[in-house]
Amino acid sequence: AQSVTQPDIHITVSEGASLELRCNYSYGATPYLFWYVQSPGQGLQLLLKYFSGDTLVQGIKGFEAEFKRSQSSFNLRKPSVHWSDAAEYFCAVGTSGTYKYIFGTGTRLKVLA
Amino acid sequence: DAGVIQSPRHEVTEMGQEVTLRCKPISGHDYLFWYRQTMMRGLELLIYFNNNVPIDDSGMPEDRFSAKMPNASFSTLKIQPSEPRDSAVYFCASRGTTRGELFFGEGSRLTVL
């Protein structure tokens with residue numbers, strides 16, 4: 001069965017510092033991979049997605065993610081974090097067979113001024 | 001585009017009462033998903049529809065939960081009778097293509113006293 005693991009529940013970084021949020025998935029074939037962001041009291045907004053092709057994906061708000069098949073990972077990165085990036089981040093995996101999307105448990109990001 | 005619209009945004013009710021949550025997907029999207037979000041369990045897929053037909057309801061927790069999609073622009077999630085453990089944020093999401101990303105509504109926060 002497919003699964004998604006986000007090993008970090010909370011991460012705190014200083015404003016201007018770089019950021020990497022980890023995501024590992026379990027699935028036999030090449031999955032569809034997504035990163036979403038959720039601000040308090042809001043729905044989830046798509047940051048970026050990977051279906052196929054170039055393994056380095058650019059998203060909105062200066063975020064990028066890299067698909068590494070050998071490590072079953074899809075880590076999210078940002079070179080310089082802004083205070084407005086404080087939110088919860090979810091990694092998700094989808095498949096072509098079931099069209100179901102499974103979400104990780106989320107990583108809550110805190111940004112220090 | 002108006003996005004996915006959910007109502008009500010907040011609902012407070014007493015145990016035993018019937019609760020109906022509503023969702024209007026993005027026009028032209030033929031997949032609709034209902035998720036539940038809690039601190040303990042994260043984001044759980046409850047049910048999803050394709051072209052108004054329920055495809056997978058294996059995530060619906062109990063018979064007290066039911067969902068319908070009478071037409072392409074409207075879906076309901078009903079809980080009858082409600083219990084305190086149903087307190088959560090319920091999200092509706094829609095998707096246009098077979099492998100496209102999910103577009104989420106802002107959620108309905110349910111509190112059952």
Side-chain angles (χ1 to χ4, degrees), chain A residues 1-10 21 23 25 27 29-53 57-60 63 65 67 74 76 87-108, chain B residues 1-10 21 23-26 29-51 53-60 88-111:
Chain A
Q2 61 191 104
S3 65
V4 179
T5 302
Q6 295 181 247
D8 304 306
I9 299 175
H10 298 278
L21 303 182
C23 173
Y25 66 90
Y27 183 63
T30 299
Y32 305 142
L33 295 161
F34 308 85
W35 274 99
Y36 283 84
V37 60
Q38 184 181 29
S39 298
Q42 301 296 313
L44 281 74
Q45 179 186 20
L46 181 72
L47 284 176
L48 46 79
K49 60 188 176 185
Y50 172 80
F51 291 147
S52 64
V57 180
Q58 301 297 320
I60 62 171
F63 286 93
F67 170 59
F74 189 57
L76 182 71
E88 189 153 21
Y89 292 79
F90 293 90
C91 181
V93 60
T95 71
S96 61
T98 65
Y99 309 123
K100 292 171 67 170
Y101 290 70
I102 305 300
F103 284 79
T105 51
T107 298
R108 186 171 296 276
Chain B
D1 203 330
V4 176
I5 299 173
Q6 292 187 246
S7 64
R9 288 295 310 280
H10 302 274
L21 308 178
C23 175
K24 175 179 170 56
I26 293 173
H29 281 190
D30 50 7
Y31 286 84
L32 184 139
F33 300 77
W34 282 101
Y35 282 86
R36 179 173 66 176
Q37 185 179 40
T38 61
M39 289 292 292
M40 292 299 296
R41 301 174 68 91
L43 268 166
E44 301 173 277
L45 176 62
L46 300 178
I47 185 171
Y48 78 93
F49 296 82
N50 178 215
N51 291 324
V53 176
I55 302 300
D56 187 340
D57 65 354
S58 60
M60 296 286 263
V89 181
Y90 291 81
F91 286 102
C92 177
S94 68
R95 187 180 72 198
T97 61
T98 56
R99 63 172 196 176
E101 66 267 28
L102 298 180
F103 291 82
F104 282 82
E106 295 194 325
S108 294
R109 180 176 294 277
L110 173 64
T111 302

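All chains are named by letter (A, B, ...) in the order of the sequence lines, taking the proteins before the strands, and each is independently numbered beginning at 1.
Only the side chain of B:Asp56 has a heavy atom closer than 4.5 Å to any heavy atom of chain A. Contact annotation for A:Gln45: neither backbone nor side-chain heavy atoms come within less than 4.5 Å of a heavy atom of chain B. Contact of A:Leu44 with chain B is made through backbone and side chain together, with heavy-atom distances under 4.5 Å. Of the atoms belonging to B:Thr38, not a single heavy atom falls under 4.5 Å from chain A.
Note: A:Asp8 CG to A:Cys23 SG = 11.0 Å, rounded to the nearest 0.5 Å.
When each of A:Gly43, A:Gly41, A:Ala92, A:Gly104 is scored by its heavy-atom pairs under 4.5 Å with chain B, the top score falls to A:Gly43. Of the listed residues (B:Arg9, B:Gln6, B:Gln37), the greatest number of heavy-atom pairs within a distance under 4.5 Å of chain A belongs to B:Gln37.
Classified by interplanar angle (parallel below 30°, tilted 30° to 60°, perpendicular above 60°), the ring pair A:Phe63/A:Tyr89 is tilted.
Side chains of A:Tyr101 and B:Arg95: a donor on one and an acceptor on the other come within 3.5 Å.
A:Val57 is not listed as a side-chain neighbour of A:Phe67, based on a closest heavy-atom distance of 4.5 Å or more. Using a 4.5 Å heavy-atom threshold, the side chains of B:Pro25 and B:Ile5 count as separate.
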